[in-house]
Participant: 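Could you have a look at this structure, given as structure tokens, before my questions?
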Amino acid sequence: MNTHFSRCHSVIAYCVLVGLVLGLEDGPDRPVFGAPGSPVRLSESDPGVLKAIKFAEERYNMASNSMHFRRVSKIISASKQLVKGVRYSIMVEIGSTQCKKSSVKNAVRTCDFLPEPQKQKTEVCLFEVWDIPWENKSTLLKQKCRPAVSKELKKVAAVPLTHGKPAKESVELLTEFKNFMTKYNRTYSSQEESGKRLRIFQENMKTVQTLQSLEQGSAEYGVTKFSDLTEDEFRMMYLNPMLSQWTSKKQMKLASPASRAAPETWDWRDHGAVSPVKNQGMCGSCWAFSVTGNIEGQWFKKSGQLLSLSEQELVDCDKLDQACGGGLPSNAYEAIEKLGGIETETDYSYTGHKQNCDFSTGKVAAYINSSVELPSDEKEIAAWLAENGPVSAALNAFAMQFYRKGVSHPLKIFCNPWMIDHAVLLTGYGERNGIPYWAIKNSWGEDYGEQGYYYLYRGSRLCGINKMCSSAIVN
Ligand SMILES: *[C@@H]1O[C@H](CO)[C@@H](O)[C@H](O)[C@H]1NC(C)=O
Ligand SMILES: *[C@@H]1O[C@H](CO)[C@@H](O)[C@H](O)[C@H]1NC(C)=O
Ligand SMILES: *[C@@H]1O[C@H](CO)[C@@H](O)[C@H](O)[C@H]1NC(C)=O
């Protein structure tokens, strides 16, 4: 499935593109998450809404720390949009029931709410569920919750709702926005577009404040090159929500456990197994970068030689995946095995849009023989990584849009581990000022994060980082 973004490979084309994206109402091959059908309001008893709520509730509960099963107490609004299936947007209230999670499996809808309202810890949540009926597939695209009443967390709720800034802050905002435009070389096609981008920038700065004020680690969030994009635009251009569907894929072979316990700290960058940070551009090809990074490490371990391998080969020739529209590492390994190997970056260079497959057996620089899935225990992942090489992983990237540096430890409500939408490479792990971290090689250029790297808190399965770890095997 090709997208409009996929044809644009230069970051310079960026501004033009944003305009294009926004002006885009319809088209022969519009993006999966674009805006084709207009939203239709739905009644609370609509069967599709009920099914979507059941699914969202299930995912919500898997991710929540609550001991009690929580369920929807009130539907505030519901709408749907036809987007290659149906995308439901549902606003609800959720509260705790008397049923303990450990004791309920299926009959959850019959659980009564806790009698005392304050113990229900009511939240207001926005869910977006993408339902593809003909594939029996549902994906939770968005889950945004905030406490409905709780005083202590009021700032979570308050910050995104503040409006009408005093004049002084507006000047600061304008200055910040101007600095952003200069630093990242942005120009906008019209006055109207600049105004719109400024408002988005302003909203994003509020999100930054929220993330920052609730940060549990040492991360700094702030202006990044993605600061003029809405969360949805960012997701559509750079992320890969299809990763959430990996559960419906076939199981991979399990990796044999590491033979030694994990050393305190390890980083494959110190051992020559990691190529420089690359840039996927405006193409949802993170899965390809994650996989080449892994194979570069595996090939280094086999041959002692560090090659930079071709993502474009995967974008063009991996028919199991969807090029800039997203993909799964598990499919990519299989595709490379079928093709018979992978070329180098130099021989088959990155353009960031799908082209005809130009693979030639004569230029194969590395091969793989199979692939494995790692255990989901972070200690075991660390031990495996130290022994075997950098690991392909995936995570919920919500906190990444505005990340600048430090060890990121967002609140779990910002980072549902079941909404995985970005694939990356774990190159190492360690501790910084007492905070354990994963060192994550990203594919958004060296001007992202810490020289292209993102550091994420390690040890609480944060953002689902432990859920989708895998590696190629070279015999
Ligand atoms: C979808 O699920 C239903 C009920 O679980 C089943 O009867 C049907 O065959 C499934 N269809 C596909 C395409 O998997
Ligand atoms: C900034 O963008 C313009 C066109 O939008 C381009 O011609 C110029 O080379 C860019 N400069 C840098 C430093 O990227
Ligand atoms: C691994 O794959 C390569 C390339 O396909 C092949 O030449 C080699 O024999 C395989 N090794 C094993 C042990 O199967």
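All values below were derived from every heavy atom in this structure, side-chain atoms included, with hydrogens, water molecules and symmetry-related copies excluded. Atoms within each ligand, like the ligands themselves, are counted from 1 in listed order.
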Participant: Salt bridge check, K278 against E296: does any charged N sit closer than 4.0 Å to a carboxylate O?
Facilitator: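 Looking at E296 and K278, the cut-off is met.
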Participant: Strictly below 4.0 Å, N to O, side chains only: are E58 and K51 in salt-bridge contact?
Facilitator: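 Between K51 and E58 there is no salt bridge, as every charged N stays at least 4.0 Å from the carboxylate O atoms.
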Participant: What distance do L307 atom CG and E343 atom CD have between them, rounded to the nearest 0.5 Å?
Facilitator: 12.0 Å
Participant: Using a 4.0 angstrom limit on heavy atoms, which residues are close to ligand 3?
Facilitator: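 Around ligand 3, where the cutoff is 4.0 Å for heavy atoms, the contacting residues are Y367, N369, N475.
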Participant: Does the ring pair (Phe, Tyr, Trp, His ring centres under 6.0 Å) test come out yes or no for Y88 and W130, once each step is laid out?
Facilitator: CA-CA 6 Å; Y88 292 96; W130 182 31; over 10 Å; no
Participant: Please check: side-chain N/O of E215 versus main-chain N/O of A219, any donor-acceptor pairing under 3.5 Å?
Facilitator: yes
Participant: Would R432 and Y437 count as a cation-pi pair here, with the cationic atom under 6.0 angstrom from the ring centre and within 45° of the axis?
Facilitator: yes
